[in-house]
Amino acid sequence: MFSRRWGFGWDSYSEVDLFTDRYDSSAETLSQAIRAAASEEPDADGSVPFGHLQGTVVGLRFYTGVVNQGEMVGLVRQPQNPYDRNAVMVSNIYGNQVGHIKRELAAAMAHVMDNNLAKVEGVVHSGTKNSFTMPVMLSFWGQEENKNAVMESMSRRGFKLNSGASKATGASQNSYTQGQGARAYSSKKGLTTALSAEELKNAFDNLFDGLMESKDGEKQAAESVGTPLMPHQKVALSWMCARENKSTLPPFWEKRGELYYNTLTCFSAKEIPEIIRGGILADDMGLGKTLTTIALILTNFHKGKPLPVEICKERSSPFKAKTQPDMASKLEGSSAGDEAAGSLCSDLPQVEVIDSEEVVVKSEKSTSKGKRKATKRQPSKGAEAPVLLEDLGFAAALGGSAADSATKKKKTGKKAAPTLSEESFIADSAEDLSARPTLIICPLSVISNWLDQFEQHVRADVKLNVYLYYGPERNRNKNFLSSQDVVITTYNVLSADFGNKSPLHAINWLRVVLDEGHVVRNPNAQISKAVLDLTAQRRWILSGTPIQNSVKDLWMLLAFLRLKPFDAKEWWNRVIQRPVTQGDRAGLQNLQTLVKCITLRRTKSSEKDGRPLVSLPEKTVSVEQVELSQTEREEYELARNEGRNTIGRYVAEGTVLRNYADVLAILMRLRQHCCHPDLLAKTSSDLGAAATPAELRERLIEKLRSVLASGSDEECSVCLESVRLPVITHCAHVYCRPCIAQVISSEQENARCPLCRTEIKANELVEFPQEKMEEEKCANPDKWRTSSKVQALMGNLLRLRCEDSSIKCLVISQFTRFLTILETPLREQGFSFVRLDGSMSQKKRTQVIQEFQSSAADGPSIMLLSLKAGGVGLNLTAASHVFLMDPAWNPATEEQCIDRCHRLGQTRRVVVTKFLVKDSVEETMVKIQKQKQELVDKAFGSTNTDKKTSRIDDIKALMEL
DNA sequence: ACCGCCGGGTGCC
DNA sequence: ACCGCCGGGTGCC
């Protein structure tokens, strides 16, 4: 069926150095030349077919490149050719030169190609009848405006483009772009009519949907992974292991008899095409891509064997210090080393895992249970020390030594062969078994997440060498880096190093992982080049959103995965991008097939066996009404009437905005009344006439305190965000310091308060003094009194503790001072609790969260959480009960807080209790919340004015005006 | 290359 | 014969 010529010379079909073998001009490889040529040309998107032409390829006998019937070929200009500067080279998909275009035709084509008037593509329809020349169908593509120039230019040199026939039927047009094989494929499916723009967009949006089929089942993670994987994560792990280990042919390849055949390009080869080890894990956020990847690193070192890792029950393990370098050095030696490796293999103890808790050593000689326990307890005892979780012989054979030179590596791999199982070695002998580390590249912002997750998911007694390659002090030593298990770096560091003796580019990585892989999109960017230039055996892309905009974005991903021939842009454009953008169904289907072969994607709404992938436990939200006591009610009504009068006056005068701070303070007082009387400012909130500057300052501070009232979500009227670095003006309005400072500096001497237009000066801004902050924190416990809300909370907590003492609770308030007040009864009742608020350092927060999340028996059962500190990112799944002490202006803030514990990893039912004081400003706030929720869906961007007016409406409603 | 092309040998039927 | 024809040598750009 196909004719093959020259059955030799095919050991490497990837990069033939074509220039240097004939004449000295450049050391560029052909594929580089093709890539370079393609990258200079505009995208193929807007190309129209100009026509086609039968040409002749000559000089076949001088080259090793092979083509088959129907196969696509590349045409590359060779201006440096010493025999003919018009030369046009013909190459097959893998960049091997096939021949040249006949001189006269080449001259005509050269003019067109050099002036970028058209792109020429070739398909060999008839195969070769002899070993000297063959016909080739050339099709010309380009911008409509260049069509006539091309037709003329060609015909002036005696070549007439046949444009009619290719337009006649879509199918025949396809045949020129995709070869006969693809045409047969597409016509079989009856996909001959073009897609509408709508259909195309739809198909494209759904390109990554439903890619959750994995026939590989589930796979258990290695013992060194401390966190049990969820079912869908086991599926992903299994899929990833299979993609790394199995020699599955890349998409569009089939084995036909003795040959490997590409159904898209009709290319065929005697040798197996390069297997794509890796792919795209495109699961939605929150499904655990990071955990799955960590599990992959630990589970699949080589051929499904776990990464050999050290177990360190004690700080100093003799094994690592002594034995490992020893083994490595033995392996580096010649035949003596082989024997050593062999004997190591049989003599060293096997490590066996009895259950998830106990890792013990099983030696051939002694396997009694008692002995095992003994060895476990005394791990530092000689050869019986439980040091490696995996087959030591295997690990030894692989020799993790970083000092290996390239030749030594090969040697090690080959010499190790006898110790490996038969089938694993047969699969492909070319695989370099000496690579150990995985390189993870991610945006700066997620580095800490990776470090946390390694910490969290790798068993605590497993010693995994994770190195953060970041910062000016980073260790650039190649040997050091290659001896790690994992190296983490950022895209920026990688691209900064690139071209600058980058050690990362000098290492043969076992695996390279691009986290948030979609950020690498522009192929011309330095980052992209740096990423493409890495040497690795396996490549992975993690991305929640693999395509942002267009098909173009996919090229980078495929190029990174080295999915030949699409890593060369020319082939990508020709086979996928242009057909797809022009609405070719077959092209789209090819794209879908391609993506499907290398991608696993599940969404939060995906289902497995009829059940949602991530089924969060049920969440119930209830409101508990709180009745104020007689005294509280009297105080509340007093404050409410007073406030209502004041605000009513402002509304009538139209001066609400001018007195905004005062209005907020009134509302705040009412909200505070609902929680606890001690939240209220002790002294009068009315500024009145201050006698002395010191007194004024004192009152302003008091006012500031009441407005801020510790962590409520007041807005700065300049930026309309929550107030940051609050200061109060002499006219008693609160802003962010940077915001108001900017107002003052731009208006200079005439600066006025944005709210009331009183003159303001920079040196009159008052901030909350540090000493006061400290005082606030240690409220006097002697004077402590309770409140209805406190009683309501304590009742719930005590009841819960009786029912199930293992239950943990979040107690959330906007008022950090309220949290402080709550500390007293909690202590009195013997609750163990922690506290998390915005004033704490990052380090302290992590510590507190860790403490709370831990399942230690005497650990804290309650976390006092300030509403604003409980924003995004926190993981508080240890808690299953949430008490919201007071309603927030913004219901989304509450939801966010609740989601800290109602999220992935929560095993219990989540019960949320919102306390609301009956007949109070709190109830009105909830009404407003509900109305707002409805509005959120309707209105989007609202202006600042809108925001302020709606606030006024809110205020009126709150005061029942 | 089972071609085309070149250039030398050759020459009625 | 300043042709035609034959057959050997030869061959990408």
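Below, chains carry the letters A, B, ... as their sequence lines are ordered, and counting in each starts from 1.
Here the separation of dT10(B) from dC6(B), taken at their P atoms, is 22 Å to the nearest Å. Separating the C1' atom of dC12(C) from that of dG8(C) is a span of 22 Å, rounded to the nearest Å.
Asp84(A) contributes no side-chain N or O that forms a donor-acceptor pair with the base of dC13(C) under 3.5 Å.
Screening residues 494-515 of chain A for salt bridge (charged side-chain N to carboxylate O under 4.0 Å, His left out), with sequence neighbours left out, gives Glu244(A)-Arg511(A), Arg474(A)-Asp497(A), Arg476(A)-Asp497(A).
Residues forming a side-chain contact (heavy atoms from CB on, under 4.5 Å) with Pro523(A) (at least two apart in sequence, or on another chain): Trp555(A), Lys569(A).
The nucleotide dC13(C) finds no pairing partner, because no Watson-Crick or G-U wobble arrangement with both distances shorter than 3.5 Å includes it. With a cut-off of 3.5 Å on both pairing distances, dC2(B) has no Watson-Crick or G-U wobble partner at all.
At whole-Å resolution of the value, CE in Met109(A) and C1' in dC13(C) are 13 Å apart. As rounded to whole Å, 12 Å separates atom P of dC12(C) from atom CG of Asn81(A). The distance from atom CZ of Arg103(A) to atom P of dC13(C) is 6 Å, rounded to the nearest whole Å. As rounded to whole Å, 13 Å separates atom P of dC12(C) from atom CD of Glu104(A). Atom CE in Met134(A) sits roughly 19 Å away from atom C1' in dC2(B) (whole-Å rounding). Atom pair Tyr63(A):OH and dC12(C):P shows a separation of 10 Å (rounding to whole Å applied). When rounded to the nearest whole Å, the span between CZ of Phe132(A) and P of dC5(B) equals 17 Å.
A donor and an acceptor atom, one from each side chain of Glu71(A) and Asn68(A), are located under 3.5 Å apart.
Here Tyr83(A) does not count as stacked on dC12(C), because the ring centres are not under 5.5 angstrom apart with planes under 30°.
Between Trp572(A) and Phe566(A), the ring-plane angle classifies as perpendicular under the 30° and 60° cut-offs.
Residue Arg61(A) places at least one side-chain N or O under 4.0 Å from the OP1 or OP2 atom of dC12(C).
Applying the side chain to side chain contact (heavy atoms under 4.5 Å, CB included) test between Leu138(A) and each of Val120(A), Leu161(A), Val90(A) identifies Val120(A) as the sole match.
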